Number of protein chains: 2
Amino acid sequence: MTGASEGAAGRPELSRGKVLQKALELADARGIAALSIRSLAQSIGTKPMSLYYYVANKEEILDGLVDLVFAEISTPQAGREWKEQMRRRAHSAREVLRRHPWAIGLLESRKVPGPETLKHHEATLATLRAGGFTVEQTARAYSLLDSYIYGFALQEAGLPVSGGEPMAQVAAPIMERFATGEYPYLVEIATQVVMQPDYDYGNEFGYGLELILEALKPASAG
Amino acid sequence: MTGASEGAAGRPELSRGKVLQKALELADARGIAALSIRSLAQSIGTKPMSLYYYVANKEEILDGLVDLVFAEISTPQAGREWKEQMRRRAHSAREVLRRHPWAIGLLESRKVPGPETLKHHEATLATLRAGGFTVEQTARAYSLLDSYIYGFALQEAGLPVSGGEPMAQVAAPIMERFATGEYPYLVEIATQVVMQPDYDYGNEFGYGLELILEALKPASAG
DNA sequence: AACAGCTTTCGTACACTGTACGAAAAAGCT
DNA sequence: AGCTTTTTCGTACAGTGTACGAAAGCTGTT
């Protein structure tokens, strides 16, 4: 009963899942740079080397994190209207990547996709195919949609967190260099759109997404 | 003459530019993970701590690298046909990011844009504005185009290098899990398009780009 | 020639990283 | 009880970024 499995008393009971879960929390809370084996072990309440029983190395933890993030993205359902399904998925993906911005940087160096990642891709492909896209059209549509989603998330991650007025903060130091009049168009866009009090870059996501969804079409020519 | 400046004899003559240049070469050759202060100093032919005279810390080196990469992207010219200019810029950006894939991951954590980056943005904005886009339309078009470019580069970076047949390599290990029949649509797209001998994912870039350029329009409604 | 004052180099040391190796402890089984 | 497998973790090592301060080199003035 009080074996290595179920924690009967106060035993926290370590497991691969718990390691990854805590790693995700730590990355969210303190940033991916602060995710070290030692800090992770401490936040779990164990010792550094104990983690290596559940995980081969740190790379494997990062792989697991990316897979966890993919698992959070809402899975589209084949058979339903493809456009609405893709819209839902895209917005969900953006939200997830905004919650875990560090995951974007991780994507660049990941080699093997995890099981949840594969499941997600499978469901997305199924939805497009069921929507009437040919195999080739599906490949292109998927590439286009995901490129937009990842790219938007990447740009969003390069901004100061998000909220009411942080745009003025990122713009201010740059504005000084602008005093020279070197960058009139950057000044224009900064003052006339970005620094407007109610401007939220996140809202631009929908614009580009709709434009792409509108232009995508199954059947006939590609 | 044999002062601290021009290297008259065999003196290599250190400088901030040289440090960044060598850092770029090292990152390209051995990957961003292999770029350490010590390895960089050695490749330059100096000692680690000497670099800190030209650079405040490693972060500043990474900032400089990103700016160097941006400098490589061909700058659009305002006044010329905006669509053609954006096409050129997009293809150039993709090529540059394929040469320096590590730069994509760096983008996520960069805080302040460098001078070359600003210059590039300025020129792009100028071209769109001159092409008849309003300020708001420019912001949206720019966001859409760059999201697509960065996202595509990000996905491309997650692939095995590039060449004739590496697609079969990334697909093979995954294919084993497919033997279970869990992922029929992934199998379909893998066998029917990705693993085709003459398939090159890079070619898909043009498709999405043209679709976006076609849908973008200046004037009237946004 | 000697000194002073820059600029530029770099040796040493410290705290921190991932993890190889192997010992120790705990749990399960006969 | 003992034996075996599973799970934990202490120690040690090579590598990281960089703070601090000493040294060296160069320039200009006397």
Side-chain angles (χ1 to χ4, degrees), chain A residues 1-24 26-27 29-66 102 105-106 109-111, chain B residues 1-24 26-27 29-66 102 105-106 109-111:
Chain A
M1 217 193 182
T2 338
S5 46
E6 299 303 320
R11 266 293 154 80
E13 179 220 355
L14 204 47
S15 73
R16 186 189 156 93
K18 191 148 218 155
V19 169
L20 293 179
Q21 183 56 43
K22 277 283 180 185
L24 185 110
L26 222 168
R30 302 220 218 295
I32 195 74
L35 177 66
S36 72
I37 297 290
R38 284 171 175 83
S39 67
L40 177 56
Q42 182 162 23
S43 97
I44 292 177
T46 181
K47 300 297 160 66
M49 291 312 289
S50 300
L51 303 183
Y52 285 95
Y53 183 74
Y54 300 97
V55 142
N57 46 44
K58 192 178 177 180
E59 273 294 286
E60 206 172 287
I61 295 182
L62 299 182
D63 286 345
L65 283 186
V66 170
W102 43 263
L106 248 38
S109 47
R110 261 356 73 186
K111 297 282 163 236
Chain B
M1 219 195 181
T2 337
S5 47
E6 300 301 321
R11 267 293 156 79
E13 181 220 353
L14 203 47
S15 74
R16 185 189 157 94
K18 191 147 217 157
V19 168
L20 293 178
Q21 183 56 42
K22 277 284 181 184
L24 185 110
L26 221 169
R30 301 221 218 296
I32 195 74
L35 177 66
S36 71
I37 296 290
R38 284 171 174 83
S39 67
L40 176 55
Q42 182 161 25
S43 97
I44 292 176
T46 183
K47 300 300 160 63
M49 290 312 289
S50 301
L51 304 183
Y52 286 95
Y53 184 73
Y54 301 97
V55 144
N57 46 42
K58 192 177 178 181
E59 274 293 287
E60 204 171 289
I61 295 182
L62 299 182
D63 285 345
L65 284 186
V66 170
W102 42 264
L106 248 39
S109 46
R110 258 359 71 187
K111 298 281 162 234

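Quantities reported herein were computed from a predicted structural model and do not represent experimental measurements.
When rounded to the nearest whole Å, the span between CG of A:N57 and C1' of C:dT19 equals 9 Å. A:K47 has its NZ atom 19 Å from the C1' atom of C:dC21, to the nearest Å. As rounded to whole Å, 16 Å separates atom C1' of C:dC16 from atom CZ of A:R30. The distance between atom CD of A:Q42 and atom P of D:dG10, rounded to the nearest whole Å, is 13 Å. Rounded to whole Å, the distance from CG on B:L40 to P on C:dC10 is 14 Å. Atom CG in B:L51 sits about 15 Å away from atom C1' in D:dA19, given to the nearest Å. Atom pair A:M49:CE and C:dT17:P shows a separation of 14 Å (rounding to whole Å applied). For the pair A:I44 CD1 and D:dT8 C1', the computed distance is 13 Å after rounding to whole Å.
Remark: the A:R38 side chain and the C:dG18 base include a donor-acceptor N/O pair separated by less than 3.5 Å.
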Determine whether A:L65 and A:W102 satisfy the following criterion, side-chain contact (heavy atoms from CB on, under 4.5 Å), listing intermediate values before the conclusion. CA-CA 10 Å; A:L65 283 186; A:W102 43 263; 4.0 Å; yes
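Here the closest non-hydrogen pair linking B:V19 and B:L14 is CG2-CD1, 4.1 Å.
OP1 or OP2 of C:dT8 has not a single side-chain nitrogen or oxygen of B:S50 nearer than 4.0 Å. Listed pair B:K58 / D:dG17 meets the phosphate criterion, a side-chain N or O lying under 4.0 Å from OP1 or OP2. For C:dT9, neither phosphate oxygen OP1 nor OP2 lies less than 4.0 angstrom from any side-chain nitrogen or oxygen of B:Y53. OP1 or OP2 of C:dC10 has at least one side-chain nitrogen or oxygen of B:T46 nearer than 4.0 Å.
No side-chain donor-acceptor contact under 3.5 Å links B:D63 to the backbone of B:V66.
Checking D:dT11, C:dG11, D:dT8 against the side-chain heavy atoms of A:L14 singles out D:dT8 as nearest.
Rounding to the nearest 0.5 angstrom, the gap separating the CZ atom in A:R110 from the CD atom in A:E59 is 4.5 Å. We find the CD1-CZ distance between B:I61 and B:R16 to be 9.0 Å, quoted to the nearest 0.5 Å.
Within 4.0 Å of B:Y54, counting heavy atoms only, lie sugar-phosphate atoms of the nucleic acid but no base atom.
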